[in-house]
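Proteins come first, then strands; the chains are lettered A, B, ... in the order of their sequence lines, and each starts at number 1. Worth saying up front: this structure is predicted, and the values here are computed from it rather than measured. Values reported hereafter were calculated over all heavy atoms of this structure, with side chains retained and with hydrogens, waters and symmetry mates removed.
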Amino acid sequence: MNTYVTTPIFYVNAEPHLGHAYTTIVADAYGRYQRLKGNTVRFQTGTDEHGDKIATAAEAAGITPQAYADRVSAMFRAVCPPLQVEYDNFIRTTDAAHQRVVQAVLQKLYEQGDIVLSDYSGLYCQGCERFLTEKELQGGLCPDHLKPPVAITEQNYFFKMSRYQGWLIEHIKANPDFITPERYRNEVLSFLSEPLEDLCISRPTSRLTWGIPLPFDKNFVTYVWFDALLNYLSGLGYFPEGEMSAECSHYWPVAEHVVAKDILKPHAIYWTTMLKAMGVAPYRKLHVHGYWNVNDTKMSKSIGNVVRPMDLVEKYGSDSVRYFLLREMSFGLDSSFSLAAFEARYNSDLANDLGNLFSRTMAMVQKFAGGKVPLLVDGEGESTELDRQLIAAAHEMVQEFCRQMEEFHFHRALQAVWEVVSLSNKYIVSNAPWELAKDPAKRGRLHLVIYNLLETLRLIALPLNVVMPTTALAMQVALGISGRQNLAAHGKWGGILQEGAVISLSTPLFPRFDQADAVSPVAGQTKPQQVKAPKNAVSSSAKTDEDTLITFDEFKRIDLRVATVVAAEKVAKSDRLLKLTVEAPERRTVVAGIAEYYQPEEMVGRQVIIVANLKPTKLMGIESQGMVLAAKSGGQLFVSTVSGEVDAGSKVA
RNA sequence: GGCGAUGUAGCUCAGAUGGUUAGAGCAUACGGCUCAUAUCCGUAGUGUCCGGGGUUCAAUUCCCUGCAUCGCCA
């Protein structure tokens, strides 16, 4: 079985962000999954480089469109290795081979009458040098130039998309999995219930020259979408009017496109009708995913909350980024990204559950089995109901993982793995190997328990190869396993681990983010900066000063204020925390970790500086609505203040 | 304005062709263990299953309607 999986080619008008990373990781993980099944996979990604936005951006940057495209395309290519994205082909629409295909397809469709010259009327903005849609207008004006657009008519070439509308509707209805998840299939069908307009596929060179010239009319270049969509075929060596190349006939029939919901229409409608007109069978599946919001807000350049995947990888390691994105998002729906959510998942799922399970098991191998895969002696340590349960669950996990991966339900696939992680932790407690170790007569049982754990871990690592390649490899190496893994060959219980093989783990898989290491957050906020990088993190040595500096705008977001302490008391059952009631000028409660250095009574009446817009957090059940700044030096701690008495609530800047 | 989706525990979400005490993870509280990365295991909760009406012996689940959020289209 073959698989051809693609990401969209990314438009080079913006740097790679979290959304691009997600699409790419999804495609990569799916590709790795197919390979793990033993299938042959081709995975293509790339960049889309023509069009007026690029021409404009290049002009603003004072360079040629080609130089501009080269620069941004290189950035998209460069984020792949750190994300462990292994593509087979990185295509660019400025590649000569691609351009030839686009022209040949245009020529063919033109000759067969699917592309015709016609009038195009619309609202044109002189300032933007382009047509605006009704939607873009604000109060009838161009939002950028604040001038009313003019209604003009010009000649353009149109693709007779409407000819294939009936066929497309039938195809979608006959193939329920053609567009998934279902919500997007419904959306397309609903859109198709109205007559399609023909697609304008040209731009006059009087307005735009950065594009592929129409082969039959030098006064026009090709509309970017018509150009871009063909990458999926041109990247396989497709050429119209000829025999399909071997690559093409292997991979095109099994093509699966992964896209975000904003480009559903071009893929579901333009591309499919183009293919039909070309006489090429449609792709096999279109997988549509939702958006990543950031802190529940839409990610946008103007808000300045764009998350750069490289920043995350440097800080947390690519395995955990891949895990988070695939585990947190329910494919198809929108999801919210936040550092708090990321760290919560990292600590609970990766460090506490999986990492610690692996670590405690390996420690027991060292202490109770001489650091080797235990030798099992027949008749000793006979199996229990718990053993059978664990084995059955591990088996079921592999099956369930596959079922969910096939459906692009990555979060459920990972959930299935974590059920066994959790069961393994229970298995350890129920069997208490440290108790068995005290009784020499129970040595057989002890060894069987340890063997079962090792075998379960081996089976856990197997599916993880597709999501967290570095971690899976580290687990396999520690277990003394080498060689290419395969779901069918290695997905069954037993027979793989070499009895007596020396095994060990040198460093934890996922070091926990330890708040104690963070820069003294007096009010115990989760502030996980200064962490030892996970061992699979890419080198962060490239960090420059640039990365550690913040802009004035960023600083302005921090609301520092002078607050007057009006009451203070110790927090019950805590040595470190004081509950302060402050006026800033409104009354609020701030929990500060200063009890070892200050008595409650000496705080009352003092003025301190607080961060007033810190997200409230609960400490020992008390909600803290801010954080007191303090400095630690020579084992002493000093709370911050200002050098004279000021009104409570005064801004500090 | 048209079409559609969603609304379930503090948070993120599962769920049932309508039927006994509505689930999971995280967070919270208490207890236990010590092999382990202060990790793990156990126990404990809280829910007008968005509001209103209808069908039914029975509705959170079906129907209608309203509200809210989101998406597509115009």
Side-chain angles (χ1 to χ4, degrees), chain A residues 133-135 179 181-197 260-265 268-269 288 290-291 293 295-296 298 324 327-330 332-338 340-369 386 404 409 411-412 414-416 418-419 421-438 446 449-450 453 457 505-517 526 531-532 534-535 572-573 615-623:
Chain A
T133 60
E134 296 275 351
K135 212 180 193 172
I179 299 170
E182 200 179 2
R183 55 199 300 138
Y184 296 107
R185 174 177 186 264
N186 293 340
E187 209 169 289
V188 172
L189 283 173
S190 133
F191 183 77
L192 286 172
S193 64
E194 302 286 324
L196 277 182
E197 289 188 17
K261 65 182 183 182
D262 56 333
I263 52 175
L264 170 62
K265 211 183 353 168
I269 297 174
V288 188
Y291 284 152
N293 294 321
N295 297 321
D296 295 318
K298 196 168 176 160
F324 178 83
R327 175 64 184 79
E328 191 79 1
M329 181 175 262
S330 176
L333 302 177
D334 290 356
S335 257
S336 191
F337 176 89
S338 72
F342 188 101
E343 274 145 18
R345 271 225 181 277
Y346 179 95
N347 275 340
S348 74
D349 294 5
L350 298 181
N352 295 352
D353 289 352
L354 176 62
N356 183 56
L357 168 66
F358 199 71
S359 158
R360 68 197 298 206
T361 303
M362 294 309 272
M364 286 189 280
V365 173
Q366 300 308 319
K367 291 191 183 174
F368 307 141
L386 285 172
Q404 299 297 353
H409 293 156
H411 68 300
R412 292 196 198 161
L414 285 167
Q415 239 169 12
W418 257 257
E419 267 171 36
V421 169
S422 173
L423 189 65
S424 303
N425 273 321
K426 295 187 217 303
Y427 181 81
I428 292 175
V429 173
S430 323
N431 285 292
W434 49 92
E435 290 299 329
L436 296 174
K438 290 175 186 163
L446 174 64
V449 167
I450 290 176
L453 282 167
L457 282 168
L505 176 73
S506 44
T507 45
L509 296 173
F510 298 98
R512 212 185 134 80
F513 285 112
D514 192 348
Q515 296 175 23
D517 287 346
T526 315
V531 196
K532 295 155 278 181
K535 91 185 227 300
K573 281 185 274 183
K615 211 170 193 174
T617 187
K618 264 198 175 173
L619 297 167
M620 300 294 287
I622 304 167
E623 182 173 277

Report summary line: Any strand, both distances under 3.5 Å, Watson-Crick or G-U wobble: rU37(B) pairs with none
**Report entry** Nearest-Å distance once atom P is located in both rC26(B) and rG19(B)
**Finding:** 28 Å
Requested in this report: Could you check if a side-chain atom of M329(A) sits within less than 4.5 angstrom of a side-chain atom of H411(A), using non-hydrogen atoms only?
Outcome: no
Query raised in the report: rU46(B) and rG4(B): how far apart are their P atoms, nearest whole angstrom?
Result: 38 Å
Query raised in the report: Could you give the CG-to-C1' distance, from N431(A) to rU34(B), as a whole number of Å?
Result: 16 Å
Query raised in the report: Expressed as a whole number of Å, how far does the P atom of rG1(B) sit from that of rA9(B)?
Result: 31 Å
Report summary line: To the nearest angstrom, the CG-C1' distance between L423(A) and rA24(B) comes to 15 Å
Query raised in the report: Are a donor atom and an acceptor atom from the side chains of N356(A) and R512(A) found within less than 3.5 Å of each other?
Result: no
**Report entry** Same-atom distance (P) from rG25(B) to rU43(B), integer angstrom
**Finding:** 11 Å
Requested in this report: Would you verify whether the NZ or CZ of K261(A) falls within 45 degrees of the ring axis of Y291(A) while also being under 6.0 Å from that six-membered ring's centre?
Outcome: yes
Query raised in the report: Centroid-to-centroid, F324(A) to Y346(A), below 6.0 Å?
Result: no
Report summary line: Expected string for nucleotides 35-40 of chain B under the B/S/- scheme (protein heavy atoms, under 4.0 Å, primed atoms plus P, OP1, OP2 as sugar-phosphate) is BBB-SS
Query raised in the report: Quantified in whole Å, what is the P atom distance between nucleotide rA5(B) and nucleotide rC62(B)?
Result: 12 Å
Query raised in the report: Just how far, in rounded Å, is C1' of rU6(B) from CG of N186(A)?
Result: 14 Å
Requested in this report: Return the nucleotide paired to rG19(B): Watson-Crick means purine N1 to pyrimidine N3 with N6-O4 or O6-N4, wobble means G-U with N1-O2 and O6-N3, both under 3.5 Å.
Outcome: rC57(B)
Report task. Starting at atom OH of Y291(A), determine the distance to atom P of rU69(B), rounded to an integer number of angstrom. Result -> 20 Å
Requested in this report: Report the distance from atom CE of M329(A) to atom P of rG25(B), rounded to the nearest whole Å.
Outcome: 24 Å
Report task. Measure across F510(A) and L350(A) and return the closest heavy-atom pair with its distance rounded to 0.1 Å. Result -> CD1-O, 3.6 Å
Requested in this report: Go ahead and name the base partner of rU28(B); Watson-Crick or wobble counts if both distances stay under 3.5 Å, otherwise write none.
Outcome: rA44(B)
Requested in this report: Provide the distance between the two C1' atoms, one in rG52(B) and one in rG7(B), to the nearest whole Å.
Outcome: 16 Å
**Report entry** Between rG25(B) (C1') and E328(A) (CD): distance, integer Å
**Finding:** 11 Å
Query - Spacing between F342(A) atom CZ and rG25(B) atom P, to the nearest angstrom - result: 22 Å
Query raised in the report: How is E435(A) classified with respect to the nucleic acid when contacts are heavy atoms under 4.0 Å: base, sugar-phosphate, or nothing?
Result: sugar-phosphate
Report task. Take L453(A) and S424(A) through the side chain to side chain contact (heavy atoms under 4.5 Å, CB included) test and state the conclusion after the steps. Result -> CA-CA 7 Å; L453(A) 282 167; S424(A) 303; 4.3 Å; yes
Query - Paired nucleotide for rC72(B) [Watson-Crick or G-U wobble; both distances under 3.5 Å] - result: rG2(B)
Report task. Find which nucleotide of RNA chain B each of Q415(A) and H411(A) is nearest to by heavy atoms, and output the residue with the more 5' nucleotide. Result -> H411(A)
Query raised in the report: Taking the C1' atom of each, how far is rC57(B) from rC64(B), in whole Å?
Result: 22 Å
Report task. Find the distance Y427(A):OH to rC41(B):P and express it as a whole number of Å. Result -> 16 Å
Report task. Take atom P in rA14(B) and the same atom in rU21(B), then report the distance between them in whole Å. Result -> 25 Å
